[in-house]
Number of protein chains: 2
Amino acid sequence: MTRSDAVEANNYIPKVPEHIECSIEKTLEVIGGKWSFLVLRELFEGTKRFGELQRQIRTISPKSLSDTLRHLEASGILERHAYPTVPVTVEYTLTPKGQDLHQILHDMKLWAAKWT
Amino acid sequence: MTRSDAVEANNYIPKVPEHIECSIEKTLEVIGGKWSFLVLRELFEGTKRFGELQRQIRTISPKSLSDTLRHLEASGILERHAYPTVPVTVEYTLTPKGQDLHQILHDMKLWAAKWT
DNA sequence: CAGTATCCCTCCAGATACTG
DNA sequence: CAGTATCTGGAGGGATACTG
């Protein structure tokens with residue numbers, strides 16, 4: 001399966017009930033995935049490469065990381081840039097849309113600190 | 001299985017990677033469940049009963065609603081009050097901890113409105 | 001009314017091995 | 001390096017029927 005096929009297939013989108021319209025759902029489709037918020041947290045620090053992310057999110061498998069990155073890319077949260085070096089270099093960078101999630105994630109951190 | 005057994009079993013807690021400490025995870029364990037945010041949205045409007053929630057979240061099964069309510073109760077997000085009427089009356093009400101999620105959910109709605 | 005008890009099945013996510 | 005291919009188990013969650 002190629003990258004574009006996988007995006008077409010639209011897999012790895014967190015399950016959210018259908019037939020119910022609530023825009024909160026749109027946001028949860030982005031940050032509600034099992035690994036999404038960890039990838040976002042890393043990328044808030046700046047552009048990173050695949051291996052870097054894999055090292056910093058130690059328990060993630062390459063498959064899950066790949067799936068998560070593709071999902072976030074398809075959602076317009078991050079951009080993937082490949083450079084034709086040998087071996088290939090790939091960098092992931094948040095888009096403005098992705099950076100705009102920072103406040104929400106931060107507030108979630110504050111809530112947790114206050115109540116747990 | 002009794003209610004307390006189920007809470008012991010700790011099922012229906014959204015899967016979040018273990019071994020990784022990030023307080024954002026704590027918040028997602030509360031609002032990240034498939035149905036959680038819809039139940040929260042209803043209860044922000046005020047105290048509601050089981051049947052009321054079931055009617056307003058039309059596609060939820062009684063099992064999923066029950067599981068979600070128990071999970072939220074165990075997390076201190078809502079309180080369950082049963083009145084010995086015939087037939088029994090049960091009401092669900094947000095705690096202050098639960099109400100404090102309102103801003104986050106609201107910001108998620110704003111983000112979605114802005115970017116999707 | 002407000003759930004519980006079962007059955008069942010999908011599909012996610014981990015492990016592993018492999019490659020341009 | 002940066003992924004993809006494949007297999008698999010287990011659990012989440014739906015449907016349904018039943019009950020204090």
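What you see is a predicted model; the values in this text were computed from it and never measured.
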Measuring from atom [atom1] of [X] to atom [atom2] of [Y], what distance do you get when rounded to the nearest 0.5 angstrom?
X: B:Gln103; Y: A:Leu110; atom1: CD; atom2: CG; value: 11.5 Å
X: A:Glu42; Y: A:Gln54; atom1: CD; atom2: CD; value: 12.5 Å
X: A:Leu101; Y: A:Leu72; atom1: CG; atom2: CG; value: 9.0 Å

Quiz item: Can any side-chain N or O of B:Ser66 pair as donor or acceptor with the backbone N or O of B:Pro62 at less than 3.5 Å?
Solution: no
Rounded to whole Å, please give me the gap between [atom1] in [X] and [atom2] in [N].
X: B:Glu52; N: C:dA2; atom1: CD; atom2: P; value: 9 Å
X: A:His81; N: D:dG3; atom1: NE2; atom2: P; value: 13 Å
X: A:Leu65; N: C:dA13; atom1: CG; atom2: P; value: 13 Å
X: A:Lys48; N: D:dG3; atom1: NZ; atom2: P; value: 16 Å
X: B:Glu29; N: D:dG12; atom1: CD; atom2: P; value: 13 Å
X: B:Asp67; N: C:dG3; atom1: CG; atom2: P; value: 12 Å
X: B:Glu91; N: C:dG3; atom1: CD; atom2: C1'; value: 16 Å
X: A:Arg55; N: D:dA2; atom1: CZ; atom2: C1'; value: 12 Å

Using OP1 and OP2 only, check whether a side-chain N or O of [X] sits under 4.0 Å from [N].
X: B:Ser66; N: C:dG3; result: no
X: B:Arg70; N: C:dT4; result: yes
X: A:Tyr92; N: D:dG3; result: yes
X: B:Arg80; N: C:dA2; result: no
X: A:Arg49; N: D:dG3; result: no

Atom pairs, N/O to N/O, protein against nucleotides 14-19 of chain D, distance under 3.5 Å?
residue, atom, partner, partner atom, Å
D:dG14, OP1, B:Lys34, NZ, 2.9
D:dG14, OP2, B:Trp35, NE1, 3.4
D:dG14, OP2, B:Ser64, OG, 2.5

Quiz item: Of all the choices, D:dT4, C:dG3, D:dA2, which nucleotide is nearest to the side chain of B:Phe50 once you look at every atom?
Solution: C:dG3
Exercise. Would you mind checking if B:Glu73 and B:Arg80 are paired as a salt bridge, meaning a charged N to carboxylate O distance below 4.0 Å?
Key: no
Practice problem: Not counting sequence neighbours, which residues clear salt bridge (Lys or Arg N to Asp or Glu O under 4.0 Å) with B:Lys26? List them please. | Solution: none
Exercise. Can you sort out the partners of B:His106 under ring pair (Phe, Tyr, Trp, His ring centres under 6.0 Å), two or more places apart, ordered by chain and number?
Key: none
Quiz prompt | Terminal axes of the helix from C:dC1-D:dG20 to C:dG20-D:dC1 (five pairs each): angle between them, nearest 10 degrees | solution = 60°
Quiz item: Which pairs, with at least one residue in residues 41-66 of chain A and sequence neighbours excluded, count as a ring-ring contact (aromatic ring centres under 6.0 Å, His included)?
Solution: A:Phe44-A:His102
Self-check item: salt bridge (charged side-chain N to carboxylate O under 4.0 Å, His left out) pairs, two or more places apart, involving residues 82-108 of chain B
Solution: A:Lys114-B:Asp100
